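Scroll down for the structure; my scribbles are underneath it.
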Amino acid sequence: MILDGVKILVIEDEAKTAQAIRRGLEAEGYDAAVVRTGEEGFSRLNSEAFDMVVLDWMLPGRDGIEILKTLRARSAKPPVLLLTARDAVEDRVTGLDNGADDYLVKPFAFAELLARIRALLRRTVPGEPLRKEVGDLVLDIRSRLVWRAGQEIVLTPREFDLLVHLMRYEGQVVTRQMLAQDVWREPNRATPLDNVIDVHLAHLRKKVDEGRRTRLIQTVRGVGFMLKEESEP
Ligand code: CA
C-alpha cells in the first residue's frame, strides 16, 4: 500500500507518548507531525491539510473536545481518532457526539492504534475520483465538503460516508446490507443495523433534498436506496 503523502497530525501533550506515536507512524510510512497543545494543533489545522488527526482528550488549555467542537462547526475536517484515559460509556458518547470518528482508551497497544488509523483512512478509496457530481450536487472527497446548487451542506462524518457510497453507485440500488458492510463495517452484526441506517438516511435526505425542486435520494421499496436525479413531473 502506498502511504506516500498520508499526513497525520498528532495532538498529544505527554512527550513520551507523543514521540512513541510519531516514531511508530513514521516506521509505517506515514508523514507524522506532533504538537503538544490544542492551540498549536489548531493553528496547524488552519494552515495545512491533514488526512487524519490523532487527538488526545486531556490537553492543557483547549482540550480535545473543544478542538472537536470547533472542527465540527467547519464541516471540512479530516477523520479524528480520540485518545483518552477515560473509559466510561458517557465519555465515549461525549467524544463521538462531538465529532470524533473513533475512540481509543489509554493505555493501548500500538498495533491497535494502527488498525484504527487504517480503518479511518480506508473510508476514502485510493484511485477514486476526488470530486463527484450528480445533478447540482457536488461532493469533494478530500475536503469532505458537499454543495447543492452551489450552497454548502453541512454533514456529520457518517452522513458524508453514506453520501459517498450512494454517489459511488449512482443510478444503482444500494442495499442496507451494503451500507452495513461498507459504511458501518459490520457485516456480521447480530442485531441488524437497519433502523440505524434508516435514521441516518433520513437525516441525510433532509439535508440534501428538503425544499429542492428535484429529489436525489430515492427509496427503492423493500430493497434499499438509490441516488438518481428524479425526472421532473
Ligand atoms: Ca494528555
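These values consider heavy atoms only, across backbone and side chains, with no hydrogens, waters or symmetry-generated copies. Just so you know, ligand 1 is whichever comes first in the structure, and atom 1 is the first atom listed for that ligand. A quick note: this is a predicted structure, and the numbers were derived from the prediction, not measured. Along the sequence shown, the residues carry numbers beginning at 1.
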Exercise for review: State the count of protein N/O/S atoms located less than 3.0 Å away from the Ca ion (ligand 1).
Suggested key: 3
**Study point:** Within-4.5 Å side-chain heavy-atom neighbours: M58 and D63
**Key:**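 M58 vs D63: side chains apart.
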Exercise for review: Establish, for the pair R44 and F50, whether the NZ or CZ atom is under 6.0 angstrom from the six-membered ring centre and no further than 45 degrees off its axis.
Suggested key: no
Does [Y] offer a backbone N or O that forms a donor-acceptor pair with the side chain of [X] under 3.5 Å?
{"X": "K207", "Y": "V154", "answer": "yes"}
{"X": "E230", "Y": "T214", "answer": "no"}
{"X": "R158", "Y": "V183", "answer": "yes"}

**Study point:** SB check D140 K132 (cutoff 4.0 Å)
**Key:**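 Looking at K132 together with D140, the answer is no, because their closest N to O distance does not fall below 4.0 Å.
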